[in-house]
Amino acid sequence: QVQLVESGGGLVQAGGSLRLSCAASGRTFSTYAMGWFRQTPGKERELVAAKSWPDYTTYYADSVKGRFTIFRDSAKTTTLLQMNSLKPEDTAVYYCVAGKVISRAENGYDYWGQGTQVTVSS
């Protein structure tokens with residue numbers, strides 16, 4: 001089993017930045033993918049960014065390319081999502097996810113965190 005805990009959400013003005021963190025515990029795997037979905041009420045969850053190891057394949061949604069970056073910290077214990085140039089449409093609950101490979105589909109991931117709220121004001 002894997003447990004994921006997100007942190008770093010909050011309220012920020014448009015154009016600002018936030019860094020989300022995802023701490024994982026439990027079993028580890030040699031090959032895996034980590035990602036971030038986001039959810040707004042009444043809308044489908046959207047894969048924002050994902051990264052797989054050990055191949056380091058990276059995915060970004062078109063809506064966040066050039067603004068968001070997914071990476072691990074130097075200790076390789078936490079997956080981070082750096083969000084720059086935030087827009088009101090980035091407002092959502094952000095969920096950290098883990099799975100075997102990168103997928104744009106929700107069911108491609110086996111583990112989900114509880115979510116952290118990001119609110120971007122205009």
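Contact annotation: the side chain of Val101 never approaches that of Tyr32 to less than 4.5 Å [non-hydrogen atoms, C-beta and beyond]. In this structure the side chain of Thr57 reaches within 4.5 angstrom of the side chain of Ile102, judged on heavy atoms. Contact of the Leu80 side chain with the Leu20 side chain is not registered, since no non-hydrogen atoms from C-beta on lie closer than 4.5 Å. In this structure the side chain of Tyr59 never reaches within 4.5 angstrom of the side chain of Lys51, judged on heavy atoms. Under the 4.5 Å side-chain criterion, counting only non-hydrogen atoms from C-beta, Arg38 is in contact with Ser63. Side-chain contact check for Lys87 versus Arg67: some heavy-atom pair is nearer than 4.5 Å. Between Ser17 and Met83 the shortest side-chain heavy-atom distance does not fall below 4.5 Å. Residues Glu44 and Glu106 form a side-chain contact, since some pair of their non-hydrogen atoms from C-beta on lies under 4.5 Å apart.
Between Trp36 and Tyr95, the ring center distance fails the sub-6.0 Å criterion.
Hydrophobic cluster membership is shared by Val93 and Leu47, with clusters built from Ile, Leu, Val, Met, Phe, Trp and Tyr side chains linked at under 4.5 angstrom. There is a path of hydrophobic side-chain contacts, each under 4.5 Å, that joins Ile70 to Leu86. Under the 4.5 Å side-chain heavy-atom criterion for grouping Ile, Leu, Val, Met, Phe, Trp and Tyr, Tyr94 is connected to Val12 within one hydrophobic cluster. There is no path of hydrophobic side-chain contacts, each under 4.5 Å, that joins Leu81 to Val2. A single hydrophobic cluster is not seen to contain both Val97 and Phe68; linkage of ILVMFWY side chains at heavy-atom distances under 4.5 Å, directly or through other members, places them apart.
Of all heavy-atom pairs spanning Leu18 and Gly8, the tightest one is CD2-O, 3.9 Å. Across every non-hydrogen atom of Tyr109 and Ala50, the tightest pair is OH-CB, 3.9 Å. For the pair Pro54 and Ser30, the tightest heavy-atom approach, listed with the atom from each and the gap, is CD-O, 3.6 Å. The two atoms that bring Ser122 and Ala14 nearest to each other are CA-CB, 4.4 Å, heavy atoms only.
Side-chain N/O atoms of Gln13 and Ser121 include no donor and acceptor closer than 3.5 Å. Judged by distance alone, the side chains of Gln117 and Thr119 do bring a donor and an acceptor atom under 3.5 Å apart.
Other residues, nucleotides and ligands contribute over 12 non-hydrogen atoms within 6.0 Å of the CZ atom of Arg72. A 6.0 Å sphere centred on CD of Gln114 holds no more than 12 heavy atoms belonging to other residues, nucleotides or ligands.
The CZ atom of Arg19 lies 8.5 Å from the CG atom of Asn84; values are rounded to the nearest 0.5 Å. Annotation: the span from Gln39 atom CD to Arg45 atom CZ amounts to 5.0 Å, rounded to 0.5 Å.
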Next on the checklist: Please evaluate residues Tyr60 and Thr58 with respect to the criterion side-chain contact (heavy atoms from CB on, under 4.5 Å), reporting the C-alpha separation (whole Å), side-chain torsions for both, the decisive distance (0.1 Å), and the verdict.
Outcome noted: CA-CA 7 Å; Tyr60 294 102; Thr58 305; 3.2 Å; yes

Next on the checklist: Apply side-chain contact (heavy atoms from CB on, under 4.5 Å) to residues Cys96 and Met34 and explain how you reach the verdict.
Outcome noted: CA-CA 7 Å; Cys96 181; Met34 301 291 297; 3.6 Å; yes

Next on the checklist: salt bridge (Lys or Arg N to Asp or Glu O under 4.0 Å), that's the test. Do Asp62 and Lys65 meet it? Break it down for me.
Outcome noted: CA-CA 5 Å; Asp62 288 343; Lys65 284 182 179 177; 3.2 Å; yes

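Ring orientation note: the planes of Trp112 and Phe37 are tilted relative to one another, at an angle of 30° to 60°.
For Thr116 (side chain) and Gly9 (main-chain N/O), a donor-acceptor pair under 3.5 Å exists by modelled atom type. With hydrogens and angles disregarded, a donor-acceptor distance shorter than 3.5 Å links the side chain of Glu6 to the backbone of Gly115. Under the 3.5 Å distance criterion, the side-chain polar atoms of Asp110 are left unmatched by any main-chain donor or acceptor of Gly99.
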